[in-house]
*Asks:* 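Before I ask anything, here is the structure I am working with.
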There are 2 protein chains.
Amino acid sequence: MREPLPPDLFEELCPSGVVPIRFADKWAGLVLACLRTGPRRYSELRVPLARVTPRVLTRSLRNLERDGLVTRTVSRRPPGVEYELTPLGRSLTEVYATVCGWAAQHWDELLDARERYDAAHPEATAG
Amino acid sequence: MREPLPPDLFEELCPSGVVPIRFADKWAGLVLACLRTGPRRYSELRVPLARVTPRVLTRSLRNLERDGLVTRTVSRRPPGVEYELTPLGRSLTEVYATVCGWAAQHWDELLDARERYDAAHPEATAG
DNA sequence: CGGCATCCTTAGTGATACTG
DNA sequence: CAGTATCACTAAGGATGCCG
């Protein structure tokens, strides 16, 4: 009835196993979200992302820049560094929006399932 | 011109910072993809996911089960363990499909950007 | 067949303090 | 203002081998 699975999914489903690429970065989604309304300076980003240490925020931004998702521009008048979405980055925010939509819709369900699982498997959670 | 960013995005954008949740699992996407065409036994999953060690595959499956995305069923005749998508899990595969679609479309762009960045920043990549 | 036990390595994250 | 330096912790991932 069911056909067998293809011998190697990695090329077929996702070029170079790209899926985990940007989603592996814990804060990338929120950083991109911050930039949806326009370019922002580093200090502006630090406000909503206060619980992210500067080191981690910088690394996220560098990674996003490396992948061509944001640009980094040093400016005088006013002095500062501005980050801005590239068209590529902007297109990714749409994808993130889809993910967030799913999460918002099903987060409770997921938490419930988790609670039920943990209740049914005490050994994995605690003694 | 631009309005200031909200003081805390975490509640606003994504409940409980859910975004990284399932996407932090490197193989979850491919596992879910394998299950889209119907229930599969563990040994069936191991074929396309050959480069994932049993330990890691099992952990992925357990995590997915914990979150209510797949079910795990032990069966005799034929003996084995079957994994199957729940409705919740199936709905997540749609999201993954969106992500994969984006990746397939823009992967080359991203790789190019990366190459350009690395070429422009030799110190970060090598000596 | 469907795992688990054990060990190891690394990358991500984080706290704290300091600087061009 | 926009980071960097240093240190520490954790969890994910992976290799190998064994078991009910």
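Numbered from 1 within each chain, the chains take letters A, B, ... in sequence-line order.
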*Asks:* Once you round it to whole Å, what is the distance between C1' of dC1(D) and CG of Leu61(A)?
*Replies:*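 Rounded to whole Å, this separation is 14 Å.
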
*Asks:* Suppose we screen for side chain to side chain contact (heavy atoms under 4.5 Å, CB included). Which residues come up paired with Thr73(A), at least two apart in sequence or across chains?
*Replies:*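 For Thr73(A), the residues satisfying side chain to side chain contact (heavy atoms under 4.5 Å, CB included) (neighbours in sequence not counted) are Thr71(A).
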
*Asks:* Taking for each residue the nucleotide of DNA chain D with the nearest heavy atom, is it Pro54(B) or Pro79(A) whose nucleotide lies nearer the 5' end?
*Replies:*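 Counting from the 5' end, the first nearest nucleotide belongs to Pro79(A).
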
*Asks:* Looking at Arg41(A) and Pro79(A), what are the two nearest heavy atoms and their distance?
*Replies:*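 Answer, listing the atom of Arg41(A) first, then Pro79(A): NH1-O, 4.5 Å.
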
*Asks:* With side chain to side chain contact (heavy atoms under 4.5 Å, CB included) as the criterion, how do Arg72(B) and Val74(B) come out once you've worked through the C-alpha distance, each side chain's angles and the decisive distance to 0.1 Å?
*Replies:* CA-CA 7 Å; Arg72(B) 177 179 180 277; Val74(B) 181; 3.9 Å; yes

*Asks:* Which atom pairs link the protein and nucleotides 18-20 of chain D when you take only N or O atoms and keep those under 3.5 Å?
*Replies:*
none

*Asks:* Between Arg62(A) and dT4(D), is there a side-chain N or O to OP1/OP2 distance below 4.0 Å?
*Replies:*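 Yes, because at least one side-chain N or O of Arg62(A) sits under 4.0 Å from OP1 or OP2 of dT4(D).
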
*Asks:* At how many degrees, to 10°, do the end axes of the helix from dC1(C)-dG20(D) to dG20(C)-dC1(D) meet when each uses five pairs?
*Replies:*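 Computed angle between terminal axes is 60°.
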
*Asks:* In whole angstrom, what separates Tyr42(A)'s OH from dG20(C)'s C1'?
*Replies:*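 Result: 15 Å.
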
*Asks:* So, is Tyr83(A) close to the dC1(D) phosphate, meaning a side-chain N or O under 4.0 Å from OP1 or OP2?
*Replies:*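 Tyr83(A) to dC1(D) OP1/OP2: no side-chain N or O under 4.0 Å.
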
*Asks:* Please report the closest heavy-atom contact between Val52(B) and Leu57(B), naming both atoms and the distance.
*Replies:*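 The answer is CG1-N, 3.7 Å.
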
*Asks:* So, using side chain to side chain contact (heavy atoms under 4.5 Å, CB included) as the criterion, who are the partners of Pro54(B) when residues are at least two apart?
*Replies:*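 Checked Pro54(B) against side chain to side chain contact (heavy atoms under 4.5 Å, CB included); matches are Tyr42(B), Arg46(B).
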
*Asks:* Tell me which nucleotide among dT4(D), dG14(C), dG2(C) gets nearest to the side chain of Thr53(A).
*Replies:*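 Looking only at side-chain atoms, Thr53(A) lies closest to dG14(C).
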
*Asks:* Please give, in whole Å, the distance from dA2(D) P to Leu45(A) CG?
*Replies:*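 Rounded to whole Å, this separation is 9 Å.
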
*Asks:* Can you tell me the distance, in whole Å, between the CG atom of Leu64(A) and the C1' atom of dG12(C)?
*Replies:*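 It is 15 Å, rounded to the nearest whole Å.
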
*Asks:* Find the distance Leu49(A):CG to dG14(C):P and express it as a whole number of Å.
*Replies:*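 Between P of dG14(C) and CG of Leu49(A): 11 Å.
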
*Asks:* For Arg72(B) and dC4(C), what is the distance between atoms CZ and C1' respectively, to the nearest whole Å?
*Replies:*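 Spelled out: CZ on Arg72(B) to C1' on dC4(C) is 12 Å.
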
*Asks:* Nucleotides 7-12 of chain D: which of its N/O atoms have a protein N/O under 3.5 Å away?
*Replies:*
from    : atom 1 : to       : atom 2 : distance (Å)
dA12(D) : OP2    : Arg59(B) : NH2    : 3.3

*Asks:* With sugar-phosphate meaning primed atoms plus P, OP1 and OP2, does Val56(B) contact a base, only sugar-phosphate, or nothing at under 4.0 Å between heavy atoms?
*Replies:*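 Base, at least one base heavy atom under 4.0 Å.
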
*Asks:* Could you state the interatomic distance from CD (Gln105(A)) to CG (Leu88(B)), rounded to the nearest 0.5 Å?
*Replies:*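 The distance works out to 10.5 Å.
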
*Asks:* Round to a whole Å and report the spacing from CD of Glu82(B) to P of dG2(C).
*Replies:*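 Atom-to-atom, Glu82(B) to dG2(C), this comes out as 9 Å.
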
*Asks:* Could you list the residues that satisfy side chain to side chain contact (heavy atoms under 4.5 Å, CB included) with Ser75(B), not counting sequence neighbours?
*Replies:*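 Testing Ser75(B) for side chain to side chain contact (heavy atoms under 4.5 Å, CB included), a comparison that skips the adjacent residues, returns none.
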
*Asks:* For dA2(D), does either OP1 or OP2 sit under 4.0 Å from a side-chain N or O belonging to Ser43(A)?
*Replies:*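 Answer yes for this pair, as a side-chain N or O of Ser43(A) is under 4.0 Å from OP1 or OP2.
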
*Asks:* Whole angstroms only, please: what is the CG-P distance between Leu57(B) and dG13(D)?
*Replies:*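 So the CG-P distance, Leu57(B) to dG13(D), works out to 12 Å.
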
*Asks:* Indicate whether the side chain of Ser43(A) and that of Arg40(A) have a donor and an acceptor atom separated by less than 3.5 Å.
*Replies:*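 Side chains of Ser43(A) and Arg40(A): no pair found under 3.5 Å.
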
*Asks:* With sugar-phosphate meaning primed atoms plus P, OP1 and OP2, does Arg76(A) contact a base, only sugar-phosphate, or nothing at under 4.0 Å between heavy atoms?
*Replies:*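 Result for Arg76(A) = nothing.
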
*Asks:* I'd like to know if the side chain of Thr93(B) reaches the main chain of Ala33(B), judged simply by a donor and an acceptor atom lying under 3.5 Å from each other, with no hydrogens or angles considered.
*Replies:*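 No, Thr93(B) side chain to Ala33(B) backbone: no donor-acceptor pair under 3.5 Å.
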
*Asks:* Write down the atom of Pro39(A), the atom of Glu44(A), and the distance for their closest heavy-atom approach.
*Replies:*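 Of all heavy-atom pairs spanning Pro39(A) and Glu44(A), the closest is O-OE1, 4.3 Å.
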
*Asks:* Take the angle between the ring planes of His121(B) and Tyr117(B) and call it parallel below 30°, perpendicular above 60°, tilted in between.
*Replies:*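 Ring orientation, 0 to 90° scale: parallel.
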
*Asks:* For a quick test of reading the model, state the closest non-hydrogen atom pair linking Gly29(B) to Tyr96(B) and the distance between them.
*Replies:*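 Looks like CA-CE2, 3.3 Å.
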
